[in-house]
There are 2 protein chains.
Amino acid sequence: METLPDKTVERLSQYRRSLNNQLAKGKEHIFSHEIANLLHITSVQVRRDIMLIGYSGTLRKGYDIKELVHLIGVILDTDQGQKIAVIGMGNIGKGFIHYLYEKRSKLKIVAAFDINPEKIDKTYADVYCYHLDKLEEIIQNENIKIGIITTPPLVAPEIANKLVNAGIKGILNYTPKPLSVPDDVYLEEYDMITSLEKVAYFVKEK
Amino acid sequence: METLPDKTVERLSQYRRSLNNQLAKGKEHIFSHEIANLLHITSVQVRRDIMLIGYSGTLRKGYDIKELVHLIGVILDTDQGQKIAVIGMGNIGKGFIHYLYEKRSKLKIVAAFDINPEKIDKTYADVYCYHLDKLEEIIQNENIKIGIITTPPLVAPEIANKLVNAGIKGILNYTPKPLSVPDDVYLEEYDMITSLEKVAYFVKEK
DNA sequence: TTTCTATTGTTAAAAAAATAACAATATTTT
DNA sequence: AAAATATTGTTATTTTTTTAACAATAGAAA
Ligand SMILES: NC(=O)c1ccc[n+]([C@@H]2O[C@H](COP(=O)([O-])OP(=O)(O)OC[C@H]3O[C@@H](n4cnc5c(N)ncnc54)[C@H](O)[C@@H]3O)[C@@H](O)[C@H]2O)c1
Ligand SMILES: NC(=O)c1ccc[n+]([C@@H]2O[C@H](COP(=O)([O-])OP(=O)(O)OC[C@H]3O[C@@H](n4cnc5c(N)ncnc54)[C@H](O)[C@@H]3O)[C@@H](O)[C@H]2O)c1
């Protein structure tokens with residue numbers, strides 16, 4: 001399958017989450033407009049996304065939730081699930097680990113790193129926290145491919161470099177410091193202030 | 001000025017952050033391609049955004065950083081700055097408060113809410129944490145217009161209702177539970193897992 | 001059995017966003 | 001003083017994303 005549109009990939013992740021919720025409630029089939037309502041989007045968009053991943057529902061029952069969740073998994077997850085490291089075990093880093101732990105996602109955080117002795121050599125929701133010095137060693141031994149940066153902004157570029165050198169292929173940056181990485185490393189950045197200022201702007205405009 | 005495109009609003013917030021960094025370094029003028037490099041976007045996009053907000057640079061010096069920052073402020077900020085409440089003082093909620101505190105943004109978090117007695121009646125980076133029961137009272141007295149939800153997902157819809165009833169006009173939802181709000185309330189939702197699964201997908205595709 | 005209905009899958013159109021193209025021009029160089 | 005240069009501002013084009021339109025049809029109702 002050729003690469004899916006950016007936005008479709010984002011939505012697939014959201015579909016899966018909502019679909020799993022529905023499964024848990026005992027629902028087995030679902031219509032496009034029901035999925036749409038759960039996510040506040042249109043049913044056309046849902047059908048289009050599902051078309052793009054090559055799945056078909058039935059005319060009277062809609063989509064088989066289990067099958068759909070499974071297929072989304074095939075697309076989003078790798079075979080063994082991808083391994084992830086978190087660098088910076090502060091509020092955000094810890095929140096992330098607990099969140100993923102609860103979700104039992106295929107994506108596994110397998111190591112955390114910090115420089116504060118109080119954080120190091122402890123376990124947070126089954127994730128062991130190492131000293132930053134061990135970064136390269138652990139990442140290579142464990143074959144970790146994704147890094148999440150939640151350190152103070154100032155050190156983020158230095159961490160990004162270390163991650164790239166250690167062979168990481170994807171970085172999720174939660175610090176407000178924009179990073180530079182080689183072309184073959186996928187970089188996603190997020191800043192809460194941007195979200196917040198966006199809300200503030202549209203509240204003001206209304 | 002008619003309403004700016006969604007994406008431009010997001011970028012303005014990012015421009016301002018980077019521009020303030022440059023100001024702090026003593027830089028007074030900046031070219032579109034320099035801003036572009038800081039944010040990993042193209043210079044055309046920068047110029048186009050700046051055009052949209054009606055600012056002009058000079059041909060040989062580029063943009064006056066102070067003026068530009070000021071103008072972005074006029075657009076993104078309200079006169080006295082908007083007041084914000086955070087509901088749920090866990091990892092994410094606390095992280096947010098500390099982050100905004102450091103930034104000294106125009107956007108002010110003026111109240112926090114929780115139900116855990118250990119969290120209540122304490123102050124976090126100058127923000128006082130009240131019991132959830134006080135929500136409506138405080139929001140109305142303080143004229144708070146924006147709410148950030150960082151509670152466990154299960155209670156998020158209930159919190160959203162309370163916020164709407166109290167007169168909130170914008171909600172930033174960090175729980176993975178999709179919310180429904182009236183049309184006149186602006187809703188922004190963010191889920192870290194979506195970002196992470198997106199990174200994982202594109203890492204896998206490369 | 002035939003008609004009706006609700007829903008899918010898909011193509012077409014529209015809207016939004018990003019990128020390219022380039023004219024205008026202030027400043028520097030020759 | 002003329003030519004060269006670098007950069008802006010803006011329009012045009014392309015690409016991406018969303019929305020609309022609708023034919024096809026499984027199953028329910030008549
Ligand atoms: N992106 C957002 O939306 C958002 C929101 C809030 C905070 N933040 C940012 O996220 C980051 C983390 O925020 P937080 O509230 O968790 O901060 P925090 O201060 O609670 O945690 C930072 C952690 O990084 C560790 N650290 C410091 N230097 C390090 C290094 N060189 N290597 C490894 N670890 C190191 C610290 O010991 C600490 O545990 C900050 O950059 C902050 O600005 C982002
Ligand atoms: N969106 C994301 O990217 C992301 C990442 C990690 C966690 N999360 C989500 O963010 C939320 C917060 O995560 P966290 O790690 O900070 O969780 P947390 O458990 O540390 O904090 C939750 C807080 O909410 C409080 N609370 C519980 N019920 C409440 C109620 N009815 N009213 C007010 N407060 C209440 C708790 O006392 C606690 O202080 C969760 O929904 C979690 O799933 C989101």
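Letters go in sequence order (proteins before strands), and every chain restarts at 1. Just so we're clear, the structure is a prediction, and the values are computed from it rather than from any experiment.
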- request: Name the nucleic acid region contacted by Ser43(A), choosing base, sugar-phosphate or nothing; use a 4.0 angstrom heavy-atom cut-off, strictly under.
  value: nothing
task: Look at Ser56(B) and dG9(D) and indicate whether a side-chain polar atom (N or O) is within less than 4.0 Å of OP1 or OP2.
output: yes
- prompt: Would Tyr130(B) and Tyr128(B) satisfy ring-ring contact (aromatic ring centres under 6.0 Å, His included), going step by step from the backbone distance to the final call?
  reply: CA-CA 6 Å; Tyr130(B) 302 89; Tyr128(B) 192 86; 4.9 Å; yes
message: Can you measure Tyr63(B) atom OH to dA6(D) atom C1' for me and round it to whole angstrom units?
response: 13 Å
His131(B), NE2 atom: more than 12 neighbouring heavy atoms under 6.0 Å: yes
statement: note: Ile50(A), atom CD1; dT18(D), atom P; distance rounded to Å ~ 15 Å
query: Hey, does Ser32(A) reach any base, or is it just sugar-phosphate, or nothing, if we go heavy atoms under 4.0 Å?
result: sugar-phosphate
Can I get a per-line list of side-chain donor-acceptor pairs under 3.5 Å for residues 24-37 of chain B, giving both atom names and the distance, sequence neighbours left out?
unit_1   : atom_1 : unit_2   : atom_2 : d
Lys27(B) : NZ     : Glu34(B) : OE2    : 3.0
Ser32(B) : OG     : Arg47(B) : NH1    : 3.2
Glu34(B) : OE1    : Phe31(B) : N      : 2.7
Asn37(B) : ND2    : His33(B) : O      : 3.4

- prompt: For the side chain of Asp6(B), counting heavy atoms from C-beta on, which of dT8(C), dA17(C), dT11(D) is nearest?
  reply: dA17(C)
- prompt: Could you give the CG-to-C1' distance, from Leu4(B) to dA16(C), as a whole number of Å?
  reply: 14 Å
- prompt: Rounded to whole angstroms, how far apart are NZ on Lys7(A) and P on dA15(C)?
  reply: 18 Å
- request: Summarise how protein sits on nucleotides 19-29 of chain D as a single string, 5' to 3': B when a protein heavy atom is under 4.0 Å from the base, S for sugar-phosphate-only contact, - for no contact.
  value: BB----BBBS-
message: Check Glu136(A) with Lys162(A), please: is the shortest side-chain N to carboxylate O separation under 4.0 Å?
response: no
query: Are Cys129(B) and Phe113(B) side-chain neighbours, meaning at least one heavy-atom pair lies under 4.5 Å?
result: no
- request: Can you tell me the distance, in whole Å, between the NE2 atom of His29(A) and the P atom of dT7(C)?
  value: 14 Å
query: Any Lys/Arg nitrogen of Arg16(A) or Asp77(A) sitting under 4.0 Å from an Asp/Glu carboxylate oxygen of the other?
result: yes
statement: His33(A) NE2 to dA6(C) C1', in whole Å, measures 9 Å
task: Sequence neighbours left out, what passes side chain to side chain donor-acceptor pair (under 3.5 Å) with Ser195(B)? Give chain and number order.
output: Tyr190(B)
- request: Would you mind reading off the distance between Asp49(A) atom CG and dT17(D) atom P, rounded to a whole angstrom?
  value: 11 Å
task: Could you state the atom-to-atom distance from CG of Leu52(A) to C1' of dT8(C) in whole Å?
output: 14 Å
field: Residue closer to the 5' end of DNA chain C, Gly62(A) versus Arg11(B) (nearest nucleotide)
entry: Gly62(A)
